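So the structure is just underneath, and the comments pick up after that.
None of the values given here were measured: they were computed from a predicted structure. Just so we're on the same page: letters track the sequence lines, and every chain starts at 1.
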2 protein chains.
Amino acid sequence: MTPARTPTGTAPTRGRRPGRSTGDDREVAILATAERLLRQRPFGDISIDDLARGAGISRPTFYFYFPSKDAVLLTLLDRVTEEANTAAGDVLVRLAEDPRARWRELIARFHATFGGHRDVVLACAQVRGTNAEVRRLWAEVLERWVRAVEAAIEGERARGAAPDGLPARDLAIALNSMNERVWYATFAGDGPAVAERDVVDVLLDVWLTAIYRTTTPPVSPSA
Amino acid sequence: MTPARTPTGTAPTRGRRPGRSTGDDREVAILATAERLLRQRPFGDISIDDLARGAGISRPTFYFYFPSKDAVLLTLLDRVTEEANTAAGDVLVRLAEDPRARWRELIARFHATFGGHRDVVLACAQVRGTNAEVRRLWAEVLERWVRAVEAAIEGERARGAAPDGLPARDLAIALNSMNERVWYATFAGDGPAVAERDVVDVLLDVWLTAIYRTTTPPVSPSA
DNA sequence: ACGCCAGTCAACACCATGTCGAGTGGAATC
DNA sequence: GATTCCACTCGACATGGTGTTGACTGGCGT
């Protein structure tokens with residue numbers, strides 16, 4: 001049903017149809033409007049007309065820049081996940097130096113990134129249920145992190161710092177899932193939630209005990 | 001904006017306006033239709049007209065029985081959470097007998113209940129983003145379980161089976177959150193997920209290590 | 001001086017939700 | 001056995017959001 005997007009050979013920019021030109025600022029105006037409105041009310045309560053008017057254009061013109069409301073959110077999400085990936089950096093490759101500190105750094109950086117864009121993250125969590133595209137992108141992103149953590153766990157087991165146990169992938173999925181849900185509750189503030197001040201340490205504790213069976217994993221090889 | 005519901009003093013039955021009579025079967029027909037359709041397509045793709053026609057009534061008549069589409073789902077959710085609470089039973093009070101077995105029983109029972117109604121659970125997860133009522137009910141239910149787990153953890157610490165550590169409530173929140181998200185992924189099958197066959201044992205492992213620092217907690221008091 | 005095309009929008013078609021008001025039929029009451 | 005009442009029903013309408021169409025504009029290259 002959806003017409004084939006990105007007709008010419010440009011990268012899938014998600015937003016605007018290919019060949020750019022003057023109206024570049026309109027596109028950023030829409031994105032900025034979306035971020036601003038998301039700070040005020042939930043995504044579902046924002047209409048395309050709101051976004052268009054906020055960017056100083058009419059509703060039909062909006063469709064010139066984005067194929068749908070969800071596409072705007074998707075673009076926003078892209079930015080956030082990219083920022084998160086950058087923030088995470090190569091922390092996991094230097095795990096052996098000081099496992100506890102490194103894991104904490106990883107979790108804290110994600111926390112900072114998501115916390116800094118909580119409105120976007122929350123909105124994505126909300127539409128994930130209804131939008132297959134968001135679901136797909138998020139799944140991709142998660143998969144990447146799961147793989148990184150899986151590899152790190154296997155590394156720690158190989159150097160004798162962590163005991164064998166669950167398949168590393170399953171453990172990585174469970175821990176990443178926990179973080180996602182706990183952050184969601186903390187940022188959204190609905191239902192039982194960990195206080196924002198404590199959330200990093202709470203998550204860290206569960207990660208360490210699940211991976212190492214202790215909250216003070218060994219720094220140097222021990223096996 | 002929403003008019004005060006349940007005008008006369010009946011319990012908040014969520015569905016039908018008070019004073020029941022013949023049309024009782026229509027109400028169950030709507031609920032049955034909802035469950036049937038949820039097995040075929042996502043909640044968002046089911047219109048009120050679909051529910052009405054499925055139950056053999058017209059759309060306006062639907063509103064005689066339920067104030068909205070979401071209210072139908074809410075009724076379905078009520079049933080499931082009630083079933084889950086029953087299934088959980090008093091497992092946690094007999095923890096000391098055999099902690100590992102009891103915790104596993106708890107997780108396995110929830111798994112069975114949710115798995116048996118995965119369509120309803122999935123639908124709820126999807127509308128939680130957009131419907132405050134569902135969010136509230138789910139928060140309530142979660143809070144109840146969090147409290148139960150929190151108390152159990154404190155009990156295990158008191159009898160010397162579990163070491164001190166994170167505030168019991170924070171730990172309970174994190175673990176319950178993890179379960180919710182992991183089950184969601186497993187049942188929905190989107191994104192990285194633990195195989196359904198393994199999910200109970202994976203979750204159990206993280207619970208035990210987080211609570212006891214070991215997967216084989218002591219049966220009798222040890223302190 | 002002209003054609004092209006990125007950019008723009010009024011007007012329209014569509015669909016789902018929710019409401020209103022006019023029914024209808026069976027049980028209780030007179 | 002007529003009458004009233006009310007649970008229950010639905011046709012028709014109002015509303016509000018989405019997505020599309022087709023015509024228009026203005027700058028830029030030829």
Side-chain angles (χ1 to χ4, degrees), chain A residues 1-8 10 13 15-31 33-34 37 41-74 126-127 130-133, chain B residues 1-8 10 13 15-30 33-34 37 41-74 126-127 130-134:
Chain A
M1 287 309 153
T2 334
R5 310 233 47 261
T6 60
T8 71
T10 28
T13 19
R16 183 87 148 299
R17 297 156 174 53
R20 89 291 343 270
S21 99
T22 63
D24 241 357
D25 30 353
R26 293 287 148 99
E27 190 170 336
V28 311
I30 291 173
L31 291 168
T33 303
L37 293 183
R41 52 177 185 273
F43 188 67
D45 291 0
I46 298 173
S47 72
I48 291 182
D49 203 54
D50 293 332
L51 295 177
R53 291 187 178 284
I57 56 178
S58 73
R59 203 166 56 78
T61 300
F62 168 92
Y63 287 100
F64 181 82
Y65 294 98
F66 292 94
S68 72
K69 197 171 63 162
D70 292 356
V72 177
L73 190 55
L74 228 22
Q126 295 185 351
V127 291
T130 58
N131 183 301
E133 193 80 14
Chain B
M1 287 311 154
T2 336
R5 309 233 48 258
T6 59
T8 70
T10 28
T13 19
R16 185 89 145 297
R17 297 151 171 60
R20 92 298 338 276
S21 98
T22 63
D24 241 356
D25 30 353
R26 292 288 151 100
E27 191 169 334
V28 311
I30 292 174
T33 303
L37 293 183
R41 52 177 185 273
F43 188 68
D45 291 359
I46 298 172
S47 73
I48 291 183
D49 203 55
D50 292 333
L51 295 177
R53 290 186 179 282
I57 56 178
S58 74
R59 204 167 53 80
T61 300
F62 168 92
Y63 288 100
F64 181 81
Y65 294 98
F66 291 93
S68 73
K69 198 172 63 163
D70 292 357
V72 177
L73 191 55
L74 227 23
Q126 295 185 351
V127 290
T130 57
N131 182 300
E133 192 82 14
V134 171

- Note on the structure: Rounded to whole Å, CD of A:Glu27 lies from P of C:dA6 at a distance of 15 Å
- Closest to the A:Thr61 side chain, choosing from C:dT8, D:dT18, C:dT17: C:dT8
- Determine: side-chain N/O of A:Tyr65 to OP1/OP2 of C:dT8, distance under 4.0 Å, yes or no. yes
- Message: Tell me whether A:Lys69 is salt-bridged to A:Asp50, with the criterion being a basic N under 4.0 Å from an acidic carboxylate O.
- Response: no
- When rounded to whole Å, the CZ to P distance for the pair A:Phe62 and C:dC9 reads 14 Å
- Task: Can you check whether any acceptor in the base of C:dG18 is under 3.5 Å from a donor in the side chain of B:Arg59, or vice versa?
- Result: yes
- Please say whether more than 12 non-hydrogen atoms of neighbouring residues, nucleotides or ligands are located less than 6.0 Å from CZ in A:Arg53. no
- Query: What distance do B:Leu74 atom CG and B:Phe66 atom CZ have between them, rounded to the nearest 0.5 Å?
  - Reply: 10.0 Å
- Are the side chain of B:Thr33 and the backbone of B:Ala29 linked by a donor-acceptor contact shorter than 3.5 Å? yes
- Message: What's the closest nucleotide to the side chain of A:Pro60 if the choices are D:dT21, C:dG7, D:dC10?
- Response: D:dT21
- Can you tell me the distance, in whole Å, between the CD1 atom of B:Ile57 and the P atom of C:dT24? 19 Å
- Query: Rounded to the Å, how far apart are B:Arg26 CZ and D:dT9 C1'?
  - Reply: 9 Å
- Rounded to the nearest angstrom, tell me the gap between atom CZ in A:Phe64 and atom P in C:dC5. 13 Å
- Task: Nearest whole angstrom, please: distance from the P of C:dG7 to the CD1 of A:Ile30.
- Result: 11 Å
- Counting only non-hydrogen atoms, which of residues 41-54 of chain A are less than 4.0 Å from DNA chain D? A:Ser47, A:Ile48
- List the atom of B:Ala34, the atom of B:Val72, and the distance in Å for their closest heavy-atom pair. CB-CG1, 3.7 Å
- Gap separating the OG atom of A:Ser68 from the CD1 atom of A:Ile48, nearest 0.5 angstrom: 7.0 Å
- Query: Is any side-chain N or O of A:Ser58 closer than 4.0 Å to OP1 or OP2 of C:dC9?
  - Reply: yes
- Task: To the nearest 0.5 angstrom, please state how far the CG atom of B:Leu37 sits from the CG atom of B:Asp45.
- Result: 11.0 Å
